[in-house]
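Scope of the values below: all heavy atoms of this structure, side chains included, with no hydrogens, waters or symmetry mates.
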Amino acid sequence: MKYTQLGRTGLKVGRLILGTMNFGPQTDEADSHAIMDAALDAGINFFDTANVYGWGENKGRTEEIIGNWFAKGGDRRDRTVLATKVYGNMGADGEAWPNHDKLSAVNIRRAVDASLKRLRTDHIDLYQFHHIDRATGFDEIWQAVDVLVQQGKILYAGSSNFPGYKIAQANEAAARRGGTIGLVSEQCLYNLAERRAEMEVIPAAQDYGLGVIPWSPLHGGLLGGVLKKEVQGGRRASGRAADTLADPAGRAQIQAYEDLLDKHGVEPGEAALAWLLTRPGVTGPIVGPRTAEQLASALRAVELELSDELLTGLDEIFPGPGPSPEAFAW
């Protein structure tokens with residue numbers, strides 16, 4: 001595994017991040033533990049989760065699975081950089097009691113304690129805001145974070161799904177407070193097929209020293225050889241992948257992508273991950289394997305070198321939006 005610093009911090013993390021969203025809903029506890037063991041053995045030291053994972057009446061289940069894995073010992077917790085998230089409504093019925101969701105100081109304090117209990121640990125390394133909270137100012141958020149840092153319950157704070165201007169607002173508010181490190185990472189939707197983050201989110205992250213952690217690096221399976229799998233009778237596309245393939249132009253684009261990679265003898269999913277590792281500001285993509293085989297494929301991407309010819313071809317198929325403001329101004 002190759003390592004890098006998380007943004008402007010001194011924290012070293014692997015260039016692949018283990019996403020755990022499938023643990024519980026799609027991958028049972030025993031297999032989830034096996035995947036986490038395999039990830040550590042391969043050098044992946046950065047695990048990402050969220051308090052709402054498990055979904056529905058099972059919200060929090062994913063954190064519990066990770067906590068049970070930590071409880072097995074063997075320096076599992078000590079070797080893991082643990083990231084979780086706060087914002088979502090934790091009510092099983094979809095109705096939140098007042099102050100039991102979003103980013104008020106009250107909910108941040110409550111949510112941290114609940115996550116620590118489920119995760120069976122005394123601290124969270126990276127505590128991420130899962131969404132912006134339009135009703136709560138950053139002075140209140142940073143006051144809550146400062147208390148948690150002083151208590152030793154969290155070490156760093158990060159954002160997820162923030163627009164560029166909110167990254168700027170958050171870190172300017174932190175700077176005004178003094179002594180508050182501010183956001184150190186941004187977890188955003190970013191991949192070959194979805195490059196809008198290049199306009200403002202990634203430049204803002206780079207200017208403020210945030211590490212960029214792309215989620216959905218295969219765009220819901222769209223970039224993982226979906227057409228080849230379709231021919232071979234594999235799992236059918238769903239979600240955003242199915243929506244893209246239903247459009248003739250989108251299907252033609254994915255066919256061109258798979259044809260290009262076939263010409264270069266590269267697996268589509270591995271190429272999509274390797275491409276992200278070439279992008280400025282990217283710490284590493286989040287991979288969410290359901291099986292040990294999917295983890296092994298992701299690991300191969302770290303060592304994959306994409307030729308200049310292939311990178312040019314990928315840009316031709318999936319052109320980025322260009323820098324802001326030129327991308328939308330002229």
Side chain to side chain donor-acceptor pair (under 3.5 Å) between Asp48 and Trp215, worked out: CA-CA 10 Å; Asp48 176 76; Trp215 61 266; over 6 Å; no
Side chain to side chain donor-acceptor pair (under 3.5 Å) evaluation trace for Tyr127 with Lys85: CA-CA 6 Å; Tyr127 200 51; Lys85 308 183 195 74; over 6 Å; no
Ring pair (Phe, Tyr, Trp, His ring centres under 6.0 Å) between Tyr257 and Phe318, worked out: CA-CA 9 Å; Tyr257 165 72; Phe318 299 108; 5.5 Å; yes
Stepwise side chain to side chain donor-acceptor pair (under 3.5 Å) check, His123 with Asp125: CA-CA 6 Å; His123 73 283; Asp125 298 301; 3.1 Å; yes
Audit row: Leu304, Leu277, side-chain contact (heavy atoms from CB on, under 4.5 Å) steps and yes/no: CA-CA 10 Å; Leu304 183 59; Leu277 294 173; over 6 Å; no
CA sep, side-chain torsions, deciding dist, call: Lys166, Gln169, side chain to side chain donor-acceptor pair (under 3.5 Å): CA-CA 5 Å; Lys166 282 294 182 181; Gln169 283 184 352; 3.1 Å; yes
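For the atom pair CD1 of Ile35 and CG of Leu18, the computed distance is 7.5 Å after rounding to the nearest 0.5 Å. Summarising the geometry, atom NZ belonging to Lys153 is positioned 7.0 Å from atom CG belonging to Leu116; distances are rounded to the nearest 0.5 Å. The distance from the OH atom of Tyr156 to the OG atom of Ser185 is 11.0 Å, given to the nearest 0.5 Å. In this structure, CG in Leu222 is found 8.5 Å from CD in Glu258, a value given to the nearest 0.5 Å. One finds the CG atom of Leu119 at 9.5 Å from the CD atom of Glu64 (value rounded to the nearest 0.5 Å). Rounding to the nearest 0.5 Å gives a distance of 10.5 Å between CD of Glu29 and CZ of Phe23.
Side-chain atoms of Asp146 and Thr180 form a donor-acceptor pair, as typed in the model, at a separation below 3.5 Å. Between the side chains of Tyr190 and Arg279, a donor-acceptor pair is found at a separation under 3.5 Å. Judged purely by distance below 3.5 Å, without hydrogens or angles, the side chains of Glu200 and Tyr165 never pair a donor atom with an acceptor atom. In the model, Arg79 has no side-chain atom that pairs as donor or acceptor with a side-chain atom of Asn45 under 3.5 Å. Side-chain contact annotation: Trp275 with Asn191, donor-acceptor N/O pair under 3.5 Å absent. In summary, the side chains of Gln187 and Ser159 do not present any donor paired with an acceptor at a separation below 3.5 Å, with no hydrogens or angles considered. A donor atom on one side chain and an acceptor atom on the other are not found under 3.5 Å apart for Thr62 and Arg118.
In this structure, the side chains of Asp133 and Tyr87 come closer than 4.5 Å at one or more pairs of heavy atoms. Residues Ile66 and Thr84 fail the side-chain proximity criterion, which asks for heavy atoms closer than 4.5 Å. When side chains are defined from C-beta on, Thr283 does not count as touching Arg15, because their heavy atoms never get closer than 4.5 Å. The shortest distance between side-chain heavy atoms of Phe129 and Val145 falls below 4.5 Å. Looking only at side-chain heavy atoms (C-beta outward), Glu186 and Ile213 stay at 4.5 Å or farther from each other. When side chains are defined from C-beta on, Leu126 does not count as touching Leu82, because their heavy atoms never get closer than 4.5 Å. Taking the side chain as every heavy atom from C-beta outward, Arg177 and Phe138 never approach each other to under 4.5 Å. When side chains are defined from C-beta on, Asn89 does not count as touching His100, because their heavy atoms never get closer than 4.5 Å.
Taking both residues in full, the closest heavy atoms of Ile286 and Gly19 are given as CG2-CA, 3.5 Å, listed atom of the first, atom of the second, then distance. The heavy-atom pair separating Leu299 from Ala42 by the smallest distance is CD1-CB, 3.5 Å.
Linking Ile, Leu, Val, Met, Phe, Trp and Tyr residues whenever their side-chain heavy atoms come within less than 4.5 Å places Leu155 and Leu11 in a single cluster. Leu40 and Met36 end up in the same hydrophobic cluster when Ile, Leu, Val, Met, Phe, Trp and Tyr side chains are linked at under 4.5 Å. Cluster membership check: Tyr208 does not share its hydrophobic cluster with Val184, using side-chain heavy-atom separations under 4.5 Å among Ile, Leu, Val, Met, Phe, Trp and Tyr. Follow the hydrophobic side-chain contacts under 4.5 Å out from Ile108 and you reach Ile132 in the same cluster. Placement of Val302 and Leu273 within a single hydrophobic cluster is found when ILVMFWY residues are connected by side-chain heavy-atom separations under 4.5 Å, directly or transitively.
Judged by the 6.0 Å distance and 45° axis criteria, Arg77 is positioned over the aromatic ring of Phe70.
Annotation for Lys263: atom NZ does not count as buried by contact number, only 12 or fewer foreign heavy atoms lying within 6.0 Å. More than 12 non-hydrogen atoms from other residues, nucleotides or ligands lie less than 6.0 angstrom from CZ of Arg240. For Glu326, the CD atom is densely surrounded, since the number of other residues' heavy atoms within 6.0 Å is greater than 12.
Ion pairing of Arg290 with Asp31 is absent here, as no side-chain N (NZ or NE/NH1/NH2) approaches a carboxylate O to less than 4.0 Å. Note on Arg61 versus Glu63: no salt bridge recorded, every NZ/NE/NH1/NH2 to OD/OE distance being 4.0 Å or above. By the 4.0 Å N-to-carboxylate-O rule, Arg76 lies close enough to Asp37 to be salt-bridged with it. The pair Lys228-Asp259 does not meet the salt-bridge criterion, since no charged nitrogen lies less than 4.0 angstrom from a carboxylate oxygen.
Exactly one of Glu293, Glu267, Glu270, Glu305 qualifies for a salt bridge (charged side-chain N to carboxylate O under 4.0 Å, His left out) with Arg300. That residue is Glu270.
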